[in-house]
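The structure appears below as C-alpha cells.
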Amino acid sequence: MNEPRSTPERRWGLFPALHAGRFASALRSAPLTAAGLGLFLFLVAFSWLGPLLIHTSPYAIRPALLFRPPSWSHPLGTDDLGRSFLARMMYGGQPSLGVAMLGTVIAVVLGLLYGMSSGLSPSWLDKVLMRTLDAILALPTLVLMIFFAALVRLDALSLILLLGFVSWPGLARIARNEVLAYKQRDYVLAARQFGAGTGYLARTHLLRSMLPIVLVNATFTVADLVLTLAGLSFLGLGIQPPNPSWGGLLGNGSNLAIIGAWWLILFPGLAIVLAILAMNMMGQGILNRLEGR
Amino acid sequence: MFAMILRRLLVSVTSLVLLVTIVFFMIHATPGGPAYSILGMHASPAAVAALNKQMGLSQPLGEQYVIWWWHLLQGRLGYSYIQHTPVTRLLRIYTGRTLLLDLSALGLAALIALVVGLVQGYLAERPLGKVIGVFQIVFYALPVFFVGILLIYILSIRLNLFPPGGIGHHGLDSRLRHLALPVFTLTLPIAAGLSRYFGHQARQEYRLDYVRTARARGLSDLRIALHHVLRNAVRPFVTMVGMMIPAVFVGDVLTESVFNYPGLGWLLWRSALDQDYPTVSAITLFIGVLTILGNLLADLINSILDVRVRYE
C-alpha cells in the first residue's frame, strides 16, 4: 500500500466535475441544470430501458386494434396499423436521441480540431480560417441535409456523419476564441518557457480551460440536432419507416390528423419538445454558473 | 467604409463558392453519379454510359466543375426530369410565394422582438421579465412542424376557422386566410429567438449611465425607451435579424411542407422525395444565395446606420 492516494483531480483527469461529491454539490447549486439533466435522463430511460419493461414489439401489426385512443390497456393508444404507440415511442427515442448525441460528438471533435488549429495558427492563417467559417455558417443546415437526402438514402450512420459535418462550425468559433483568450495567460506562457510543445499545451492546458464552455455548446448542439433530425424525419427524409423515430411518428400522425387521432400528434411532438428543452436547460444552467449569475 | 464593404463582399463570395462547390461535389460523390439518380439504381451500364455522354458527365471532373460554374453564371440551372421543365421556370413560379411568407414572418417577428425586448430590458430582473424569459425559451424550443400541425388540428379540423393548407385563389380575403396560419407558425420561433437576444441587449443598455441621466432629467419611460435605448440598440438588432436568416429558411421549408404552401421550401421537399436532383440542387443553391444576400444586406444596412462601425 505504498501507492500515493489519488486525488479527485488525478483520478478524473480532464473531468474533475464528474467526481461524485463535486457533481452532487454542483447540481445543488445549479437547479436549472439539475432539472434539465433529470428530464434528459428520464427520456433516455424511456427510450432504452422502457422497451425492456413492456415486451411489446413496435412492428407487430394488429388489424383488430386500429386507432385506439390512450387507455389502460394501450397507454399511448395504437396507430393506423394497430401497432402499440407506446412501444413505437420508446423505440423511436433511440435514433432520435442517439443520432443527435453521436452527431454532436463528431461536431465537437471537428470543431475543436479546426478551432484550436485556427487559434494556434499565425494570425493571417487564423483570419483566413475564420472567414471560411463565416462562409459556412451562412448556409442553412436543414436545406443542406435535405439536399443530401435527395441524393442518397440516409441510414442512421450516414445521418450521424452528415449531421456532425454540418454542425461543427459554431463549436469551432468558440474553441478558437477560447484559445485566443487563454494562450497569453501566465500559466500557459510559463509552461511554454519550460519547453512545452504546442500539442502538449493544447491537450493539457487549453483543452482543459475551455472544457466547460465547449460542454455548454455541445448541449445546445444536441438540441439543434434533435430538432434537425426530427424535422428531416418528419419530412420523410430522415429515419425511414417502418423504423420509428419521433419526427417520423409526428409526420405520420400529421397525415392522419383529419381522422382525429390526436395522440399520434401530441405524444411524439411533446417528446421532441421535452428533449430540446432538457438540453437547453442543461446548457443554460451551466452557462449561468460560468457567468456567475 | 469602402474597405469594410469590400471585405464583407469577400466573405459573401467565399460562402457562394463553398456552397456551389459542396453542391457540385456531393452530386458527383453519390454512388454511380447523377445518371443513376435519373435512371434508377438498376439501370443498365450501357444506358448509364449513354446518358453520361449526352450530359457531358464522362468528361474529367475538373472540366465538369468549370462547365458547372459557366452554366450557373449564365443562369442555366438544369432541367427537372420529374416535372419536365427547366428549373429556372419553377423558381420563377415558386419564389414570390416564399418571399411573401418569409418576409411577412421576419417583419412581424422583428416588430414583436423590438417591443418585447424593450419591455424586458425595462423590467430587468423583475418577476414579469423572468416570466417573459421562460416563454421565450419554451417558444424557441417548439418545432414549427409541431406547432403547425397542432394549429391545423385545433383551428382548421376541429373549429373550422382557417383553411388547413394551400394558398387560396379567390380574392384577397381568401389569400390572407390561407397565409395567416403559416405566417403565425413561422413567426413564433423567430420572434422568440430574436426577442431573447434583443432583450439581453436592451437590459445591458438600460444599465448604462445615459439612461440614468435621462431619468434624472425627468424624461418619461416611453421617451427613454424610444429615443435613447432603441436608438443605441438598433444596430446590434439589425445584426441579429441578419443572423436569423438561415433559421428563417429552415423554418420556411418545414412550415411550407406542413401547410402544403407551394413555395420554394415545399418544392424542395417534394423534389427531394422524388429524388429530382437537378431541382433539389438548384433550390439548395438558390436558398443558399438568398441567405448569403440577406446576411450581406443586414451588414450593409448596419454600416449605413452608423459610420463608426468597423467590420473586423
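Throughout, protein chains are lettered first and strands after them, A, B, ... in sequence-line order, and every chain is numbered starting at 1. Values below: every heavy atom of this structure, side chains too, minus hydrogens, waters and symmetry copies.
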So for atom [atom1], which belongs to [X], do other residues, nucleotides or ligands contribute more than 12 heavy atoms lying within a distance under 6.0 Å?
X: Phe165(A); atom1: CZ; result: no
X: Tyr153(B); atom1: OH; result: yes
X: Phe220(A); atom1: CZ; result: yes

Chain B contact via [X] - which portion, at a heavy-atom distance below 4.5 Å:
X: Ala230(A); answer: both
X: Thr228(A); answer: neither
X: Ile272(A); answer: side chain

Just so I understand: if I count every heavy-atom pair under 4.5 Å between each of Ile146(A), Leu144(A), Thr141(A) and chain B, which residue has the most?
Ile146(A)
Check each atom of Leu273(B) against the heavy atoms of chain A and say whether the ones under 4.5 Å are side chain, backbone, both or neither.
both
Go through the atoms of Val23(B) and report whether side chain, backbone, both or neither lie under 4.5 Å from a heavy atom of chain A.
both
Separation between [atom1] of [X] and [atom2] of [Y], rounded to the nearest 0.5 Å:
X: Ile149(B); Y: Trp262(A); atom1: CD1; atom2: CH2; answer: 16.0 Å
X: Leu133(A); Y: Thr14(B); atom1: CG; atom2: OG1; answer: 12.0 Å
X: Phe146(B); Y: Leu227(A); atom1: CZ; atom2: CG; answer: 12.5 Å
X: Met26(B); Y: Phe147(A); atom1: CE; atom2: CZ; answer: 6.0 Å

Sort out for me which of [options] touches chain A most, counting heavy-atom pairs under 4.5 Å.
options: Gly288(B), Ser281(B), Ser257(B); answer: Ser281(B)
options: Gly148(B), Pro246(B), Ala247(B); answer: Pro246(B)
options: Ile157(B), Val253(B), Leu16(B), Ile22(B); answer: Ile157(B)

Checking Leu285(B), Thr291(B), Thr284(B) against Val143(A) for side chain to side chain contact (heavy atoms under 4.5 Å, CB included), the one that qualifies is Thr284(B)
Checking heavy-atom separations under 4.5 Å from chain A, one finds in residues 259-272 of chain B Leu268(B), Trp269(B), Ala272(B)
Below 4.5 Å, heavy atoms only, C-beta onward: do Val273(A) and Pro143(B) meet side chain to side chain?
yes
A side-chain contact here means heavy atoms from C-beta on lying under 4.5 Å apart; do Phe234(A) and Val258(B) qualify?
yes
Looking at Gln275(B) and Leu151(A), what are the two nearest heavy atoms and their distance?
NE2-O, 4.2 Å
